[in-house]
Amino acid sequence: MLTTKTFLKKTKRGNILKIVREHYLRDDIWCGSVLCKTCSMKEREKTLEKDLDHSSSLFSFPHYLVLDTNIVLDQIDVLEENSFENVIILQTVLEEVKHRSSPVYRRLKDIISNPDRKFYVFVNEHHKDTYVERKAGESVNDRNDRAIRVATAWYASHLAPSQPKGKNKHVSIVLLTDDAANRQKAKDEGLISCSVHDYVSSLENAPALLDKLSKRNFVLEGNSKEPLFPLHLSPKEIQDGIKAGKLLQGTFLASRENFLEGSVNVEGYEKFILVQGHAGLNRAVDGDTVALELLPESEWVAPSDIVLEDAEEDPGDILDDEAKMEKEKQKAKKVEREPTGKVVGIIRRKWRQYCGILQPSQDKNSIRHLFMPAERKISKIRIETRQAETLKSQRIIVAIDSWPRTSRYPLGHFVRALGNIGDKNTENEVLLLEHDVPHSKFSEQVLSFLPKLPWVITDADLERRVDLRNITICSVDPPGCTDIDDALHCRELENGNYEVGVHIADVSHFIRPGNALDKEAALRATTVYLVDKRIDMVPELLSSNLCSLRGNEERFAFSCIWELTKDATIVNTKFHKSVICSKAALTYGEAQARIDDKTLNDDVVKSLRGLNSLAKILKKRRIENGALVLASPEIRFQVDSETHDPIEVVAKKMLETNSMVEEFMLLANISVAQKIVEEFPECAMLRRHPQPPPTNFEPLVKAGHLQGFEINVESGKDLAESLDKAVKSDNPYFNTMLRIMATRCMMQAVYFASGMLQKDEFFHYGLACPIYTHFTSPIRRYADIIVHRLLAACIGADSTYPELLDKRKSHSLCHNLNYRNRMAQYAGRASVNLHTHLFFRNRVQDEQGYVLYVRKNALQILIPKYGLEGTLYLAPPKGQIAKVNFTYNEEEQSQSHGSIKFRVFDPVTVQLSLDRRNVQHEKLMLLLVKPEIPEFSVPSQAGSQQVEAMDVDEVKDVAPPPKRQKKSK
């Protein structure tokens, strides 16, 4: 059966096109019920059961459920529970969910694919009895609601002849909808219908399920009181305001240090727009796309220097904590004021599921409690739960549902518990979820595309590759590295020049475009390195075996080979696919020891010495050209081989061999970038590092000036020279701290498609080079796999495919790569913080620190030994009286008490310990030891028992942690 729809369309040229859309209707689409005697189904097509366990007190008879679209979109957390079985998902609903929310659609598809859940998809849009035409004047939403009711009625009538005889055996159809009008229409048409809340309340395990219900239509008690927040503008008002230039659109970024402050990144504005106070933030959540009204310049304010945390207890729906902020606004000097605005509407929410802890209500009988997210940039969330006693000691996941004007906090619902607070596996799970790191096991479909073992190199493989197995190639990596993706060689040529090769694992040989393995690698985008584990981008068979360039094993590689003069000038460059056999897999320390040992002179050592001498020349030349040498505190944990708990912390040592490898990786990346952009100027995947705007450097320039140094930021070369000159003989760590501050002024380096930007925008500021890409780490970065495919096409070693040459698809892919890269970095830092907490659980000790920032009520202290920052509060907690008062000098960025003055970069001694008074919210606590201030400083731990006793025999062999990421710009 065929139904057609005809409509006319006007083209850009003014022509009229007649379009006829055909829609095929069938009568052989089955209902999926075992009960049915009408449909000619195969056994495997029968999903809906005959004998049903009806545990609902509202409907004591057997029944199938039909869900409307909003039930799926809003209540997917409940639907994932096993209490919902024998559910009919209509095509109308499935398609609407697909278009409105990809994450919910994927979760629904997972439920449908689980045969135990008995979810059946009925293609009602192509069944002759259930397809409905849209009526004149009828909205799409009303038409879809009618289609759902028609399909529900059809099921009831279709199954009627097949119904078993006997009381309580007749299977009914129940429509679940939270749309009151739709529910009433269904009842008027003789259908059984109810809301999801009523249905869930009637189930046997109702208390646990009620906690998971979305509270989108939740009404607060006392909702008749005055609203706390301004009304958001309607979508049309926002659209008109942006079009007229009265409003701005941007991404809201909340502050971690002050919950009453944030900023909005607006395209075209050099500086972020500052927003302050409850009314200014107006219910925006970090990551939301917001509509912003820029305030008149007379109302601009300066960013606050106060470290301000939200109240520990629930203050109720009042906004009484802006007094400090108001004082700061009045004190702010005109020169310090920044463009300021207020959020007037939400264009798009970026809500996700959040990990954190429950803060139970003081009222033991209350079911309403506060949830404290692990991410400090997220507001507390009010939820309803009847399991507070159980959940208060666990890490839990909560989703936001709504944020009414009358509520101080957003409203949400409990999703699931992760495990006990403080348990290392639970905390690792939290940081992976919080940073959106895909970490599930690789699916069978993905694994099916791996090569079968035993894997061997065939004669046909050798014919297509250059055989380099006789060359002395070796790899140099961190200790414990198993995913070795690069190796090098250097040998002297007859003409006195050097042949230098960088050989990179040929991952693209094993991962072919478009298959499940490729899609999974593209989704993950990068390997994530935590302190005690590694989340691989590709399955272990590739990452640690077939692609890893292990010592004395034959492997496929993609080689970049140069002829260099003795002063490291490139004479020529060649690229080819190769077969190599690494003669040694060394650590940085082992390679350095071989270079330094004058008694050694074998081929591997000769190669290493040649590489090292050339690398020094390359590095000197890069720095002379303006490349920056920045700093970030890096540490390494030694962990117990059985428990994997940290037992020692050591600072990472940088050797010449670290720099040696880095220099040749940089050179390879630059050479490959030049080649692929020459061949594919529109779709080459490159990496750029934008020059920071001058405003980014203001804290650095000010800090240098206060120490008597002028920091010139006109260009990267000027900055590099300024940093080199800024040295203080009485503070050897001063220059390092200045470089750490400079690092924080930088923009993020990002991937991009060459056809999307002008050539002068390709520049990499940190490396001071006009063009750059990533080629050298395809085991752990998907960008490198794309670059390998482009390079292979350049030299005729492989063919292209449409997506590779589509700059818009490459541009879209780059967005995901940049996001995943950023999240991987944050996850790595969070893992270091977690293990620092674990390390200090049984420790109280003094450490040398340096003042990094001076705030109005606190000092930010950097502890180099542990690579961590902590807040040393100078003001007592709320409600306590200060015994010692400090004076803040904004001009010279200092805090003083009597003759003692704290300035940026000053050394201090602090006592580090873990504050475990609140088991739900452990935090690292810093107390001042030196300089000594009576009634403020604490006694030194020197000479006392700092660490819990540990018998030497109890300490296991130290297991090396997984490979950390190599430094890459």
Side-chain angles (χ1 to χ4, degrees), residues 29-36 39 41-56 62-124 148 151 155 171 173-176 196 199-200 203-206 208-214 353 397 399 413-418 429 432-433 438-449 516-517 519-520 523-524:
I29 296 174
W30 317 131
C31 67
S33 173
V34 174
L35 188 71
C36 182
C39 297
M41 291 177 285
K42 295 177 182 176
E43 261 327 293
R44 59 184 172 81
E45 295 174 321
K46 298 177 180 178
T47 301
L48 304 169
E49 295 174 312
K50 179 180 179 181
D51 300 315
L52 306 175
D53 177 20
H54 44 277
S55 56
S56 167
H63 54 271
Y64 297 151
L65 293 174
V66 176
L67 312 178
D68 80 353
T69 306
N70 285 328
I71 295 293
V72 177
L73 288 169
D74 295 345
Q75 309 297 352
I76 189 68
D77 293 323
V78 176
L79 296 179
E80 286 177 327
E81 294 295 312
N82 290 331
S83 299
F84 281 77
E85 294 179 348
N86 292 289
V87 176
I88 299 162
I89 301 294
L90 301 176
Q91 183 195 1
T92 306
V93 172
L94 194 63
E95 290 296 323
E96 204 171 354
V97 169
K98 183 179 180 179
H99 289 122
R100 289 174 60 182
S101 175
S102 294
V104 173
Y105 177 72
R106 286 195 295 270
R107 292 168 71 183
L108 179 60
K109 290 288 282 184
D110 287 342
I111 299 172
I112 293 168
S113 63
N114 182 354
D116 295 334
R117 296 298 309 279
K118 309 296 180 188
F119 272 57
Y120 181 73
V121 177
F122 177 61
V123 189
N124 63 306
I148 292 168
Y155 256 97
V171 178
I173 313 297
V174 175
L175 171 63
L176 290 190
V196 71
Y199 185 78
V200 167
L203 299 177
E204 287 179 357
N205 58 339
L209 288 175
L210 284 170
D211 286 357
K212 297 194 172 193
L213 279 180
S214 169
Q353 293 184 344
I397 295 178
H413 66 272
F414 165 73
V415 177
R416 63 187 172 100
L418 294 171
E429 179 76 5
L432 289 172
L433 289 169
H439 59 286
S440 57
K441 289 183 179 178
F442 290 100
S443 68
E444 289 300 321
Q445 187 182 11
V446 168
L447 297 175
S448 70
F449 286 95
L517 179 56
K519 289 176 181 176
E520 182 68 20
L523 171 70
R524 296 188 178 216

Are side-chain heavy atoms of [X] and [Y] found at a separation under 4.5 Å?
X: Leu67; Y: Val93; result: no
X: Cys39; Y: Glu45; result: no
X: Leu418; Y: Ile397; result: yes
X: Ile76; Y: Ile111; result: yes
X: Thr69; Y: Val72; result: no
X: Val200; Y: Gln75; result: no
X: His439; Y: Leu433; result: yes

Nearest 0.5 Å please: distance from the [atom1] atom of [X] over to the [atom2] atom of [Y].
X: Leu90; Y: Ile148; atom1: CG; atom2: CD1; value: 6.0 Å
X: Leu209; Y: Phe414; atom1: CG; atom2: CZ; value: 11.0 Å
X: Leu48; Y: Cys36; atom1: CG; atom2: SG; value: 10.5 Å
X: Leu108; Y: Glu80; atom1: CG; atom2: CD; value: 9.5 Å

Which residues pass the side chain to side chain donor-acceptor pair (under 3.5 Å) test with [X], sequence neighbours left out?
X: Asn70; value: Arg100
X: Arg117; value: none
X: Gln91; value: none
X: Thr92; value: Asn124, Glu125

Pairs meeting criterion ring-ring contact (aromatic ring centres under 6.0 Å, His included) with involvement of residues 93-119, two or more places apart: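 Every pair satisfying ring-ring contact (aromatic ring centres under 6.0 Å, His included) with a residue in residues 93-119: there are none.
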
Just jot down the salt bridge (Lys or Arg N to Asp or Glu O under 4.0 Å) partners of [X], sequence neighbours excluded, or say none.
X: Glu444; value: none
X: Asp68; value: none
X: Glu85; value: none

[X]: partners by side-chain contact (heavy atoms from CB on, under 4.5 Å), with sequence neighbours left out:
X: Ala516; result: Gln445, Val446, Phe449
X: Glu49; result: Leu52, Asn86, Lys118
X: Pro103; result: Ser101, Arg106
X: Lys441; result: none

Which atom of [X] lies closest to which atom of [Y], heavy atoms considered:
X: Ser83; Y: Leu203; answer: CB-CD1, 4.2 Å
X: Ile71; Y: Leu79; answer: O-CD1, 4.3 Å
X: Ser440; Y: Arg524; answer: O-NH2, 2.6 Å
X: His413; Y: Ser214; answer: ND1-CA, 3.5 Å
X: Val123; Y: Ile29; answer: O-CD1, 3.7 Å
X: Ser33; Y: Met41; answer: O-CE, 3.3 Å

Residue among Trp30, Tyr64, Phe122 satisfying ring pair (Phe, Tyr, Trp, His ring centres under 6.0 Å) with Tyr155: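 That would be Phe122.
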
Test: Glu43 and Lys46 ion pair at under 4.0 Å: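 Salt bridge between Glu43 and Lys46, a charged N being under 4.0 Å from a carboxylate O: yes.
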
Test salt bridge (charged side-chain N to carboxylate O under 4.0 Å, His left out) applied to Asp77 and Arg107, step by step: CA-CA 9 Å; Asp77 293 323; Arg107 292 168 71 183; 2.5 Å; yes

Aromatic ring pairing Tyr199/Phe84, orientation class (parallel under 30°, perpendicular over 60°, tilted between):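 Geometry flag for Phe84 against Tyr199: tilted rings.
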
